[in-house]
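Along the sequence shown, residues are numbered consecutively beginning with 1. Reckoned from all heavy atoms, side chains included, excluding hydrogens, waters and symmetry mates.
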Amino acid sequence: MADPHVTLNELAQDLRPMSQGIDWFESLSAEEQSATLRLLSHFCVQARATTEDGREGIRRAGLRATHTPAVLIARGRIDEQLGKIADLTPHDERLKSFRLLIAVLAVADGNASAPTVAPTHGTACPSTPLPKH
């Protein structure tokens with residue numbers, strides 16, 4: 001696969017199937033997996049992931065609420081928890097963390113790019129001319 005930055009973003013944007021991402025992640029050494037999780041954690045912080053994004057990420061990643069990465073992200077103070085998730089060392093926990101962090105990044109990125117809707121209070125009806133100032 002290409003540059004890890006590109007690969008991780010393509011996974012988060014659904015431009016690459018997760019099965020391909022998992023195969024890639026599992027082909028990495030333990031040190032490379034840890035570095036990848038730290039990079040993903042950093043991406044999530046940059047995307048301003050929230051605890052709510054974490055909960056949605058758990059759902060999207062298909063994790064049970066009792067899995068260690070899911071327990072950590074649900075605790076709040078997400079920036080701190082993302083670092084703890086990235087530092088998990090057992091292989092199965094790293095794989096769950098990878099799936100979760102990709103999902104959280106996808107949610108946070110989606111929130112960041114979603115258009116904000118202006119409040120409608122005090123706006124004129126389309127058939128009512130707006131006052132001139």
Side-chain angles (χ1 to χ4, degrees):
M1 277 197 199
D3 173 8
H5 292 78
V6 173
T7 300
L8 296 173
N9 278 299
E10 287 176 348
L11 288 165
Q13 294 171 23
D14 255 348
L15 299 175
R16 197 179 284 268
M18 182 54 83
S19 60
Q20 196 176 65
I22 289 170
D23 289 343
W24 169 75
F25 185 75
E26 287 190 316
S27 75
L28 301 175
S29 69
E31 294 79 26
E32 291 170 323
Q33 287 181 354
S34 292
T36 299
L37 292 174
R38 284 192 295 278
L39 182 61
L40 265 173
S41 172
H42 179 70
F43 286 171
C44 290
V45 170
Q46 283 184 324
R48 298 184 182 194
T50 64
T51 302
E52 189 56 42
D53 296 337
R55 289 187 191 103
E56 177 62 16
I58 293 167
R59 188 191 67 74
R60 287 189 188 187
L63 298 182
R64 283 189 237 130
T66 56
H67 288 147
T68 303
V71 169
L72 288 171
I73 207 161
R75 285 186 177 166
R77 296 193 327 255
I78 192 160
D79 293 357
E80 183 180 313
Q81 301 307 329
L82 288 168
K84 290 179 184 178
I85 291 167
D87 289 339
L88 292 173
T89 54
H91 174 73
D92 63 321
E93 296 298 338
R94 282 196 307 263
L95 188 54
K96 291 173 195 167
S97 297
F98 178 74
R99 290 174 32 218
L100 176 61
L101 293 177
I102 289 289
V104 170
L105 179 58
V107 173
D109 261 357
N111 290 344
S113 63
T116 52
V117 179
T120 58
H121 301 293
T123 57
C125 294
S127 60
T128 308
L130 293 173
K132 295 182 182 180
H133 291 233

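- With rounding to the nearest 0.5 angstrom, the CZ atom of Arg38 is 13.5 Å from the CZ atom of Phe43.
- For Glu32 (side chain) and Ser29 (main-chain N/O), a donor-acceptor pair under 3.5 Å exists by modelled atom type.
- Between Arg16 and Thr7 there is a side-chain heavy-atom pair separated by less than 4.5 Å.
- To the nearest 0.5 Å, atom NE2 of residue His5 and atom NE2 of residue His42 are 7.5 Å apart.
- In this structure, CD on Gln13 lies 6.5 Å from CG on Asp109, to the nearest 0.5 angstrom.
- At a threshold of 4.5 Å between non-hydrogen side-chain atoms, the residues Ile85 and Leu37 do not count as touching.
- Formation of a donor-acceptor pair under 3.5 Å by the Asp23 side chain with backbone atoms of Gln20 is not found in this model.
- Contact between Gln81 and Gly76 at its shortest, heavy atoms only, is CG-O, 2.9 Å.
- To the nearest 0.5 Å, atoms CZ (Arg77) and OG1 (Thr51) are separated by 10.0 Å.
- Ring orientation note: the planes of Phe98 and Phe25 are close to parallel, at an angle under 30° on the 30°/60° scale.
- Nearest approach of Ala47 to Leu105, heavy atoms of both residues: CB-CD1, 4.0 Å.
- For Gln33 against Leu28, the heavy-atom pair with the smallest separation is NE2-O, 3.6 Å.
- Arg64 pairs by the side-chain contact (heavy atoms from CB on, under 4.5 Å) definition with Thr66, His67, not counting sequence neighbours.
- Taking 4.5 Å as the limit, every side-chain heavy atom of Val71 sits out of range of all side-chain heavy atoms of Thr68.
- Pairing each heavy atom of Ala74 with each of Arg55, the nearest pair is O-NH2, 4.3 Å.
- Between the CG atom in Leu72 and the OG atom in Ser97 there is a gap of 8.0 Å [rounded to 0.5 Å].
- Contact between Ala49 and Ile78 at its shortest, heavy atoms only, is O-CG2, 3.2 Å.
- A continuous path of Ile, Leu, Val, Met, Phe, Trp and Tyr side chains, each step under 4.5 Å between heavy atoms, connects Ile58 with Leu88, placing both in one hydrophobic cluster.
- Of the residues Ile102, Leu100, Val107, the one that meets the side-chain contact (heavy atoms from CB on, under 4.5 Å) test with Val104 is Leu100.
- Minimum interatomic distance between Leu101 and Ser41 (heavy atoms only, all atoms of both residues): CD1-N, 4.2 Å.
- Distance alone, capped at 3.5 Å, is enough to place a donor-acceptor pair between the Arg99 side chain and the Ala61 backbone.
- Distance CD1/Ile73 to CD/Glu80: 12.5 Å, rounded to 0.5 Å.
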